[in-house]
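By convention in this document, chain letters (A, B, ...) are assigned in the order of the sequence lines, proteins followed by strands, and residues within each chain are numbered from 1. Quick caveat, the model's predicted, so the values are computed rather than measured.
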Amino acid sequence: MSGPNGMLYGGDEIGALVFDPGHHSLRVGYAQEDTPKADIPAVIGVGPATHIPEPEEKVPDGNITQSGSKAGNELRHYIDVTELHVPRPHMEIQSYMKDGQVDNWDLFERMLDYCYSKVIRSPSEHHPALFTEAVWTTRPAREKLAELLFEKYQAPAFFLVKSAVLAAFANGKSTALVVDAGASQTSAVPVVDGYALVSAAARSPLGGDHLAMQAKHMLANMHIQMLPIYSIQSKEVIRERERGRYTLKTLPAGLTHSWQQYMLKRQYEDFCHCIAQISESPYDERTAASVPGVHYEFPGGYHQDFGPERFKLTECLFEQTLGAAHLVCAAAGACDADARPALWGSVVACGGLANTGGWVERLAKELAARAPSSHRLKSHAAPNAIERRFAAWIGGSILASIGSFQQMWISSQEYDEGGKGQLERKCP
Amino acid sequence: MHREVFALLYNDNKELPPLLPTDTGKAYKQTKAKLGMRKVRKWVWAPFTNPARKDNAVFHHWKRVSDESKEYPFAQFNKLVSIPSYSESEYNQYLKSEDWSQAETDHLMDLCQRFDLRFIVIHDRWDRAAFRDRSVEDLKERYYGICATLSKVKTNPWSNSVTMVNGEKRTYHYDAEHERKRKEQLRRLFDRTQEQIDEEQMLLTELKKIEARKRERERKTQDLQKLISRADSGSTPLVQATNNEGSATPANVAANIARRHDRKIHKKKLTSQQRPIRAVETVTVEWSGIKFPEARGTGVWLRSQRMKLPPGVGQRKTKAIEQELRLMNIDVAPMPTEAICKGFNELRSDLALVLDLKNALDSCEYELQALRHQYEALNPGKTLTIPSSICSTHTDNEAKPAVGEIIDVVGSPSALNATI
Ligand SMILES: Nc1ncnc2c1ncn2[C@@H]1O[C@H](COP(=O)(O)OP(=O)(O)OP(=O)(O)O)[C@@H](O)[C@H]1O
Ligand SMILES: [Mg+2]
């Protein structure tokens, strides 16, 4: 922390943890590291405990946690891909997130249990915990989280920061207009001097999930079948656009609809990651056709080139009145005139969806067309996909390991004395 | 950044690290490695308290066992803005307002403390459920009003909004009306749509056209007037020509040609006169710092635009100028009042010139030394003494050669050779 010549360096690490819960996944890891330790799908499989006797059962406090000890009605919770992606009869997929915030607290507790026991592998009493939150998180949800952390997990200290603020920090800025294109939604939040302007934030439901839905429709219209990958036993190599030849696996009976849909959604997402591309200017059949296609092979073996479809698919993301560019304009327009030049001067793009090919370029172009000409426009995005997707987490990691931040935590003493009412004051 | 790298940048003796390997000593096997002369200093996961915290919470971090437990070093960054406070009776006596209730005022002061007077954030977090919506200017007006009142009546005012000038208290006065007007203008400027801007542009070019036409007409009438007067005085019979507008009458044409010719000659004379002087000056012109463009042609604009460096100035130069400004303790983006704009631009222009000159001087110096070495290499045994008049190294106090001289040297490298 201080150097040989008396200089004071910025960092002081106190073993804090950073949690970034999202609709797509929950990111968790130690502060001051550059990527999260784990990126766990934000859904939990809930199924009857009796069906699969596996060695894990010896460890009841693992990722297979036991609950509901009512006889015969035991439920098990399956967390993280290795558990979740196994076909299990009667396992329902449930999400604990809703509208950008935690909604189902019982399930979220399971998730935190899993994080502490399997990812961090260290008791929660030893680690201050910093959580990210969306700007529109309601007061009850914030207070519930603080209560959970202090009372159940005995965390020594706790803090909540708006994810837009952290994304700005991760990009080295304290004033920025942060565009976050996540799974459930896309949002634009102005950040001034490290404070998010809550009343000026704008959002729309055009996120990665929407794109996956769009891909599903597109493939259905093209009469291409997306077979669930877990159902394929083997497939043969075939020529392009030929009918797939494959054999099916025998699956356990009683696979739930929610689980099948969840697995399919992941496949559509994968399809999007591979082929989706955003054209720099609004979709145009001819220019789109001139770009070389991308090959994709479906689980059943069927494969073909996708050309103009790649651009057509993504056009919905830059829709006129809900698209990212519109959100930015709306958010900037809702800010005080004095703040606007600085905000237009640093538009920061982050979130997983911003990794789609051409997304950042398209945003920059649309903003250049829409931004008032009296402002100097500069948009900024982290160079690599990891840093974009984990921007909020990385910002939290930076913040929680800064020496002068250590006075900001709400300590357990403070919580005991002041209760959860002080959350609004301490974590603005 | 790793601290080793950091230490390379800033070490105690302010010397730059060598670019070439300087280890000219004996080979490695002869020097005895002196590793482990000092004992390894242990690190421990130790508890600490942070004086910047009010609750004495104990956190843990890694620290050297040998490090004495001193105060948490980061506590020194805990800076707070001092916000005035008032008692119930003070409020009732001095601060009562028709527009503001005490609850609302308290809320404002609370937000000011929490957000360190960032009024944009305060405005954002304003409790709109409990109080009516207020503009940033309203909030500032109330806050600075309170500051002013309290600093007058209180004996020991808080520090930041009161300055003592010659033992006399001075308070900031916040001109809310002016600010509101400014904000409104700013908002209108920013909210213009592209069509409006285009329209304004169009109107401006139209205006220019109209003015050009008007000038043309005026010139024509003047010509006419001249003709008339000439006709009146002379015996030219073409008085009617004034009536038929066409300028094709021979006299008119002649007059026109004559005038044009006249102007041409005039121009020629001017240039030919100037040329010999220019020849000296041209060099100076090249070095004349930064030319800030006059008003941009696009209608309404902010005065701060005038302080923008023109695009011709490269990034390196911009950085260098900013660095110089910082050394002089001058804000790199000062409040753009008329006078400041002018002074600031002049200063930066001069700075750019100075930087250019410095560079030129450096390269001359370098060339001089290079030539000296070359000379000495070619004529072994001889040394070249450079006359002190053209050698300015390490003589900061010595009167620097006049600007003109240096430029001369740079302008003609042959001159440099000649001097040697
Ligand atoms: N490399 C990639 N290319 C394209 N899309 C990607 C890529 N990686 C992730 N995505 C998409 O980004 C989305 C996830 O983004 P992110 O992790 O920011 O969401 P989240 O924070 O969990 O959700 P939310 O912000 O809505 O709560 C998913 O829809 C995923 O399909
Ligand atoms: Mg997110």
Enquirer: For the pair B:Lys63 and A:Asp12, find out whether any cationic side-chain nitrogen is under 4.0 Å from an anionic carboxylate oxygen.
Expert: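 Salt bridge: no.
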Enquirer: Tell me, for B:Phe48 versus chain A, whether the close heavy atoms (under 4.5 Å) come from the side chain, the backbone, both or neither.
Expert: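 For B:Phe48, side-chain heavy atoms alone lie under 4.5 Å from chain A.
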Enquirer: If you count heavy-atom pairs under 4.5 Å between each of A:Pro428, A:Gly333, A:Ala369 and chain B, which one has the most?
Expert: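 Ranked by contacts with chain B, first place is A:Pro428.
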Enquirer: Assess the side chains of A:Gln406 and B:Asn50: does a donor N or O sit below 3.5 Å from an acceptor N or O?
Expert: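 Looking only at side-chain atoms, B:Asn50 and A:Gln406 do not form any donor-acceptor pair under 3.5 Å.
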Enquirer: From A:Ile402 CD1 over to B:Phe77 CZ, what is the distance, rounded to the nearest 0.5 angstrom?
Expert: 11.0 Å
Enquirer: Let me know if A:His126 has heavy atoms under 4.5 Å from chain B in its side chain, its backbone, both or neither.
Expert: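 Contact with chain B: none, neither part.
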Enquirer: Taking atom CE as the centre, does A:Met408 end up with more than 12 heavy-atom neighbours from other residues, nucleotides or ligands that are less than 6.0 angstrom away?
Expert: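 Incorrect, the count does not exceed 12.
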Enquirer: What option among A:Ala196, A:Ala339, A:Ala200 has the most heavy-atom pairs under 4.5 Å with chain B?
Expert: A:Ala196
Enquirer: Counting heavy-atom pairs closer than 4.5 Å to chain B, which one of A:Pro128, A:Ser199, A:Ser412, A:Pro372 comes out on top?
Expert: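 Heavy-atom pairs under 4.5 Å are most numerous for A:Ser199.
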Enquirer: Heavy-atom cut-off 4.5 Å, strictly under: side chain, backbone, both or neither for B:Gln76 against chain A?
Expert: side chain
Enquirer: If we define contacts as heavy-atom pairs under 4.5 Å, which of B:Ile197, B:Thr193, B:Leu186 has the most with chain A?
Expert: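 Most pairs with chain A among the choices: B:Leu186.
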Enquirer: Check the orientation of A:Trp409 and B:Phe59. Use parallel for under 30°, tilted for 30 to 60°, and perpendicular for over 60°.
Expert: tilted
Enquirer: Who among B:Asn56, B:Asp110, B:Val58, B:Asp116 has the most heavy-atom pairs with chain A under 4.5 Å?
Expert: B:Asp110
Enquirer: With the side chain counted from C-beta on, respond yes when B:Arg182 and A:Asp338 share a heavy-atom pair under 4.5 Å apart, and no when they do not.
Expert: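 Sidechains of A:Asp338 and B:Arg182: in contact.
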Enquirer: Under a 4.5 Å cutoff for heavy-atom pairs, which residue among A:Glu417, A:Glu13, A:Arg376 has the most contacts with chain B?
Expert: A:Glu13
Enquirer: Flag yes if more than 12 heavy atoms outside B:Met202 fall under 6.0 Å of its CE atom; otherwise flag no.
Expert: yes
Enquirer: For residues B:His123 and A:Leu197, determine if any side-chain heavy atom of one lies less than 4.5 Å from a side-chain heavy atom of the other.
Expert: no
Enquirer: Give, for atom OH of B:Tyr72 and atom OG of A:Ser404, the distance between the pair rounded to the nearest 0.5 Å.
Expert: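 One gets 8.0 Å once the value is rounded to the nearest 0.5 Å.
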Enquirer: If you tally heavy-atom pairs under 4.5 Å against chain A, which of B:Glu184, B:Lys183, B:His60, B:Gln194 wins?
Expert: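 Result: the option with the highest number of such pairs is B:Lys183.
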Enquirer: Side-chain contact test, heavy atoms from C-beta onward, threshold under 4.5 Å: evaluate it for B:Arg125 versus A:Val198 and give yes or no.
Expert: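 They are in side-chain contact.
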Enquirer: Does any backbone or side-chain atom of A:Arg425 lie under 4.5 Å from a heavy atom of chain B? Answer side chain, backbone, both or neither.
Expert: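 For A:Arg425, heavy atoms of backbone and side chain both lie under 4.5 Å from chain B.
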Enquirer: Distance-only, no hydrogens or angles: does the A:Asp336 side chain make a donor-acceptor pair with backbone N or O of B:Ile120 under 3.5 Å?
Expert: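 Absent.
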Enquirer: Charged N to carboxylate O under 4.0 angstrom, B:Asp191 versus A:Arg340?
Expert: yes
Enquirer: Should the heavy atoms of other residues, nucleotides or ligands under 6.0 Å from CZ of B:Arg303 be counted, would the total exceed 12?
Expert: yes
Enquirer: For the interface with chain A, which of B:Arg118, B:Lys54, B:Arg187 has the highest count of heavy-atom pairs at distances below 4.5 Å?
Expert: B:Arg118
Enquirer: Could you report the tightest heavy-atom contact between B:Asp55 and A:Gln413, atom names first, then the distance?
Expert: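 Shortest heavy-atom contact: O-NE2, 4.1 Å.
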Enquirer: Answer with side chain, backbone, both or neither: which region of B:Trp126 has an atom nearer than 4.5 Å to a non-hydrogen atom of chain A?
Expert: neither
Enquirer: Answer yes when A:Glu414 and B:Arg53 have at least one side-chain N-carboxylate O distance shorter than 4.0 Å, and no when they do not.
Expert: yes
Enquirer: A quick test of your reading: do over 12 heavy atoms of other residues, nucleotides or ligands sit less than 6.0 Å from CZ of B:Arg316?
Expert: no
Enquirer: Would one find more than 12 heavy atoms of other residues, nucleotides or ligands at under 6.0 Å from atom NZ of A:Lys378?
Expert: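 Atom NZ in A:Lys378 is not crowded, with 12 or fewer foreign heavy atoms closer than 6.0 Å.
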